[in-house]
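Scope of the values below: all heavy atoms of this structure, side chains included, with no hydrogens, waters or symmetry mates.
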Amino acid sequence: MMEQQKHNTRGCVFSLLYSIGSFALASASLSTLNPSDRITVEKGALLISLGFVYFVALTEFLNKLLLKTALGHSFVKRYRLRVSDVLDITNKLVSAVQAAFSCIAGLFVCRWSCPRNFLHASHFLSESYAWFAASYFFYDLWSMYKIYAAEAALKIKAKLGLHSSVGDGSENNNEVSGGRNGAATVNGARNRGQKETTVAGAEGDETIANGNNLQALDDIPSVARGTLSFVNPGKLGIPSFAKYLITHPLMVFHHLFIGSYGLIVISYLRGGLGDCVFSFMYMMELSTPFVSFRGILSVLGLKQSKVYVVNGLLMLITFFWCRIFLMPYVCYYYSQVVNLPFFTAVWNLPWGCKVSILALFLPQLYWFRLMVRGAMKVFFPSKATSRRSGNVARGNGTNDASCANEVAANGGGAAIKSSQSKDSEIRSLL
C-alpha cells in the first residue's frame, strides 16, 4: 500500500512539473522580445503547443491530486464526490487559472499601451497570450466532454445494475435520479444539497476508508479504455465526442469563436491597432473565477453556506464591473481620443467592430439580468418560495427555490443537459 501511494504521489509530481515547465518555456520564448514586437506564426505555434501541454498537464495534476493521494482521498471522502464531480471541479479550477492569467495579461498591456497611445501603442503580450490562451478553449471542449462521459457512464452502470467504483457515491443500484446532484445513487438519492438522507453514503465512506479507491483514476473516461471515442459510441454506449458537440451547439460555438476568431482578430485582422481595447477585453475574465468557485461550492453541496452567498455577491459585482460597465466605458474612452460625441464615434467604427461589440455585449446584458433576478429571489423570497422551502425542510418536496436561484444566478434559461451541471454550461458561456 505504501509503495503504491509513493507511485501515485510521483505521478502527481510529474504532471505538476510538466505544467510548470511548459509555462516556463512559453515565458522564456518571450524574454528576448521588445515591447512593440509582433508575434510570428512560428512563435505563435510554439505558444499554442505549450499552452496545450500546460492546461492538459495542470488538469492531470489536479485529477491525480484528488484521486490518487491521501489528501485527495480525504477530500473525496468528506464531500462524497463521484469521479464526474472531481472532473468537474478540476475543470472549473483550470478555468479560473486561465481567467487569472487573462486578467494579469490585460492589466499589464493596459498599463503599457493605454497611457502611450490608445490606438497605436502595442505590447507583444497581447498577441502572445492570445496564442497561448487559444489552446485552452479547444482543450476545454474535450475536458467538458470527459465530464459528460463520466456522468453518462455512472447512469448507464446504474441502469445495468453494475458495481460503481468508489468515489462515485454509489454501490449496486436499482434507482437512477437525474441531474448533477442526484445521478447514480444507491438505496436512495445522494445528499448533495437536496436535503435527502442515504444509507449508501455510509457504505461509500467505509469503502473509501478501506482504500479501495486507489484505482479511482482508472474510472476517468479515456480513449485507451474505450470509454471515450470521437465518432462511434464508446463502451456501454457512452456518447461520442461528435455527438457531444452536436448536442451542445451554443457552448461549442462560444469556444470555437473565442479560440479561433478571437485569435485571428487579435493577431492579424486588427493590423496592430487597439491593444488598449483588447487589454480591457482580457480583463473581462475577472468574474470567471467567482463563477467557477460558485460551481465548485455547488458540487460540494455548500449552497447554503455563507461563503456561497458572499461569492455570489462578488460574482455579481465583478460581472457588472467587467462585462457591463467596461465596454461602454471603452467606447467612451475612444470617443474622447478621437474627439467625437459618444454615439458618433461608435457609429463611425468599422462594421466589423460594431458587430463584434454587439455580439459580446448583448449576451452579457442577458446573463446579468438573470443573475440579478436570482439574487433578488435569494434576498427577497416570495411567500410561495418560502412555503416551498418549508416543505423541503420537512422532507415533503424538492428544493424548488434553490433550483430556481441556481438557474437564475447561472444565467438560466439555457437548455442544460442532465449530464452536465448548470454551472459548467453557463461558465462556458461567460
Please report, to 0.1 Å, the donor-acceptor pairs under 3.5 Å made by any side chain of residues 226-236, with sequence neighbours excluded.
residue : atom : partner : partner atom : Å
Thr227  : OG1  : Ser222  : N            : 2.9
Thr227  : OG1  : Ser222  : O            : 3.3
Ser229  : OG   : Asn232  : O            : 2.1
Lys235  : NZ   : Arg225  : O            : 3.0

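- Applying the side chain to side chain contact (heavy atoms under 4.5 Å, CB included) criterion to Cys114, with sequence neighbours excluded, gives Cys110, Cys276, Ser279, Phe280, Tyr333.
- Annotation: side-chain hydrogen bond (donor to acceptor under 3.5 Å, both in side chains) contacts of Ser128 (sequence neighbours excluded): none.
- With a 6.0 Å radius and a threshold of 12 heavy atoms from other residues, nucleotides or ligands, Phe342 has its CZ atom above the threshold.
- Annotation: the span from Leu370 atom CG to Leu365 atom CG amounts to 11.0 Å, rounded to 0.5 Å.
- With sequence neighbours excluded, the residues forming a side-chain hydrogen bond (donor to acceptor under 3.5 Å, both in side chains) with Ser15 are Lys64, listed by chain and number.
- Taking the six-membered ring wherever Trp is involved, the centroid distance between the rings of His248 and Tyr148 falls below 6.0 Å.
- Phe52 pairs by the ring-ring contact (aromatic ring centres under 6.0 Å, His included) definition with nothing, not counting sequence neighbours.
- Taking the ring-ring contact (aromatic ring centres under 6.0 Å, His included) definition, one finds that Phe368 meets it with Phe320, sequence neighbours left out.
- Between Leu256 and Phe137, every side-chain heavy-atom pair lies at or beyond the 4.5 Å cut-off.
- Aromatic ring orientation, Phe132 versus Phe55: tilted (interplanar angle from 30° to 60°).
- His255 has its ring centre no less than 6.0 Å from the ring centre of Phe138.
- One distance of note links CZ of Phe124 with CG of Leu33; it measures 5.5 Å at 0.5 Å rounding.
- Across every non-hydrogen atom of Ser29 and Lys43, the tightest pair is O-NZ, 2.9 Å.
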Kindly indicate, with the supporting measurements, whether the criterion side chain to side chain contact (heavy atoms under 4.5 Å, CB included) is fulfilled by Ser335 and Val346. CA-CA 7 Å; Ser335 70; Val346 173; over 6 Å; no
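- Atom OH of Tyr332 has 12 or fewer neighbouring heavy atoms from other residues, nucleotides or ligands inside a 6.0 Å radius.
- Put simply, the side chain of Asn311 gets close to the backbone of Phe290: a donor and an acceptor are under 3.5 Å apart.
- Note on ring orientation: taking the six-membered ring where Trp is involved, the planes of Phe241 and Tyr244 are parallel (angle under 30°, cut-offs 30° and 60°).
- Remark: Arg323 is not positioned above the aromatic ring of Trp321, lacking an NZ or CZ atom under 6.0 angstrom from the ring centre and at most 45 degrees off the axis.
- Donor-acceptor pairing under 3.5 Å is lacking for the side chains of Tyr54 and Ser135.
- Expressed to the nearest 0.5 Å, how far CE of Met283 lies from CD1 of Ile104 amounts to 12.0 Å.
- Using a 4.5 Å cut-off on side-chain heavy atoms (C-beta onward), Leu17 and Phe61 make no contact.
- Although no hydrogens or angles enter the test, the distance criterion places a donor-acceptor pair under 3.5 Å between the side chain of Arg116 and the main chain of Trp112.
- Panel note: side chain Ser74, backbone Leu71; no donor-acceptor pair is recorded below 3.5 Å.
- Side-chain contact between Lys77 and His73: absent, with no pair of heavy atoms (C-beta onward) separated by less than 4.5 Å.
- Within 6.0 Å of CZ in Phe361 there are more than 12 heavy atoms belonging to other residues, nucleotides or ligands.
- Two rings, from Tyr18 and Phe14, have their centers 6.0 Å or more apart.
- Between the side chain of Gln98 and the backbone N or O of Val94 there is no donor-acceptor pair closer than 3.5 Å.
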